[in-house]
Amino acid sequence: SVVLGLVLVLAVAGWFTLRIRSAPQWPKYKLHLVDRQGFSLSGYRGGIYVLLDPFTSFRNVPSYQGEYYSTDEHGYRRSLRAEKKAPLAIVLGSSAAFGWGIEDDYATFTGQLNEINTQFKFFNAAVSSWHSAQELSEMVHYADELRPKLYISVNGFNDLFFRDSQGAEFNRAMVIDVEKRYNDDLS
């Protein structure tokens, strides 16, 4: 069972690596901070819409339907074509788990797991630029409410290669930009 799981993870990682090589250009996959009404809060104008959040710093906008991806009412990237009767498994992670560069929600590895695995239904709770602390916050403050039977954490790059994670760097840049705009409006 553990060996089968490891083989599955390695197969998915290999498949994702092949898919990402033909990924679309960067700008549509940069983060874009918006408020709950969809208005920009920053000069960053990427194609992935995120909200400020008190627990995770930022998370995907819920019920978003964009040109390159869509999210459900929880802000999780769509990956389940049809409802299936199975225990819930939630995938946490960053850009790789989110499906960075993959424009078909169901072609992400979470979508593929839903196609080939009948034991669980998989929800994709990943957010581009996240690190493991943000994943843990998502799990504790939001995902646990759905009562999943399994969590899968797909991460490493942001935690291993950035002393100060991209997520924190992005968040700091957003806060500085929002403060500047606010102060300019008061002047």
Side-chain angles (χ1 to χ4, degrees), residues 8-9 11-38 45-53 55-130 134-155 158 167 170:
L8 179 63
V9 167
V12 167
W15 168 83
F16 182 78
T17 301
L18 291 175
R19 290 291 303 247
I20 201 68
R21 287 188 181 158
S22 62
Q25 294 299 309
W26 231 116
K28 52 185 161 182
Y29 286 96
K30 287 188 176 184
L31 300 179
H32 184 161
L33 184 68
V34 297
D35 65 14
R36 298 229 177 248
Q37 288 74 41
R45 301 273 194 240
I48 298 178
Y49 286 65
V50 294
L51 297 169
L52 284 177
D53 184 81
F55 304 112
T56 62
S57 298
F58 59 92
R59 61 195 310 258
N60 294 326
V61 171
S63 303
Y64 176 77
Q65 179 62 51
E67 186 177 352
Y68 309 112
Y69 73 98
S70 60
T71 62
D72 64 14
E73 66 275 13
H74 308 290
Y76 299 162
R77 186 164 184 181
R78 295 194 185 280
S79 58
L80 189 61
R81 288 186 195 275
E83 187 59 36
K84 63 180 178 180
K85 297 264 184 204
L88 177 61
I90 294 184
V91 176
L92 298 162
S94 188
S95 54
F98 175 79
W100 185 92
I102 299 174
E103 295 182 9
D104 177 356
D105 292 330
Y106 308 106
T108 63
F109 87 86
T110 308
Q112 295 302 299
L113 286 173
N114 277 316
E115 295 290 325
I116 63 173
N117 183 300
T118 57
Q119 293 180 317
F120 290 95
K121 61 181 172 187
F122 296 88
F123 281 12
N124 186 344
V127 177
S128 192
S129 295
W130 265 9
Q134 289 168 299
E135 295 167 29
L136 178 61
S137 291
E138 173 68 30
M139 185 175 79
V140 169
H141 295 286
Y142 301 106
D144 273 351
E145 292 177 10
L146 300 175
R147 304 215 183 281
K149 297 292 182 197
L150 176 69
Y151 280 100
I152 300 172
S153 181
V154 180
N155 58 39
N158 292 343
F170 169 80

Kindly compute the distance separating [atom1] ([X]) from [atom2] ([Y]), expressed to the nearest 0.5 Å.
X      : Y      : atom1 : atom2 : value
Ile90  : Phe120 : CD1   : CZ    : 12.0 Å
Gln65  : Asp72  : CD    : CG    : 11.5 Å
Tyr106 : Asn124 : OH    : CG    : 11.5 Å
Asn114 : Leu80  : CG    : CG    : 4.5 Å
Leu51  : His32  : CG    : NE2   : 11.0 Å

Quick one: list whatever passes ring pair (Phe, Tyr, Trp, His ring centres under 6.0 Å) with Tyr151, sequence neighbours left out.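 Ring pair (Phe, Tyr, Trp, His ring centres under 6.0 Å) list for Tyr151, sorted by chain: empty.
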Which label fits Tyr69 and Phe98: parallel for a plane angle under 30°, tilted from 30 to 60°, or perpendicular past 60°?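 Perpendicular, since the angle between the ring planes exceeds 60°.
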Could you label the plane-to-plane angle of the Tyr49 and Tyr64 rings as parallel, tilted or perpendicular, counting under 30° as parallel and over 60° as perpendicular?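 Parallel.
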Listed by chain and number, what are the side chain to side chain donor-acceptor pair (under 3.5 Å) partners of Ser70, not counting sequence neighbours?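 Expected list: Asp105.
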A quick test of your reading: do over 12 heavy atoms of other residues, nucleotides or ligands sit less than 6.0 Å from NZ of Lys149?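 No, because the 6.0 Å sphere around NZ of Lys149 holds 12 heavy atoms or fewer from other groups.
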Is there a side chain to side chain contact (heavy atoms under 4.5 Å, CB included) between Phe109 and Phe122? Walk through the geometry before answering. CA-CA 10 Å; Phe109 87 86; Phe122 296 88; over 6 Å; no
Run Val50 and Val34 through side chain to side chain contact (heavy atoms under 4.5 Å, CB included) and show every step you take. CA-CA 6 Å; Val50 294; Val34 297; over 6 Å; no
Once side chain to side chain contact (heavy atoms under 4.5 Å, CB included) is applied, do any residues pair with Gln119, and if so which ones, sequence neighbours excluded?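 Side chain to side chain contact (heavy atoms under 4.5 Å, CB included) list for Gln119, sorted by chain: Asn117.
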Test item: Ser128 side-chain N/O and Ser95 main-chain N/O as donor-acceptor pair under 3.5 Å: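 Not at all, since once roles are kept as given, no pair shorter than 3.5 Å links the two residues.
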Residue pair [X] / [Y]: nearest heavy atoms and the distance that separates them:
X      : Y      : answer
Ser94  : Ser129 : OG-N, 3.1 Å
Ser153 : Glu135 : OG-OE1, 2.8 Å
Lys84  : Lys121 : CE-CA, 3.5 Å

Worked check of side chain to side chain contact (heavy atoms under 4.5 Å, CB included) between Thr56 and Ser137: CA-CA 6 Å; Thr56 62; Ser137 291; 3.8 Å; yes
Would Arg77 and Thr110 count as a side chain to side chain contact (heavy atoms under 4.5 Å, CB included) here? Give the steps. CA-CA 9 Å; Arg77 186 164 184 181; Thr110 308; over 6 Å; no
Only one of Asn60, Asp53, Leu92, Thr71 clears side chain to side chain contact (heavy atoms under 4.5 Å, CB included) with Val127; which?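 Among the candidates, only Asn60 passes.
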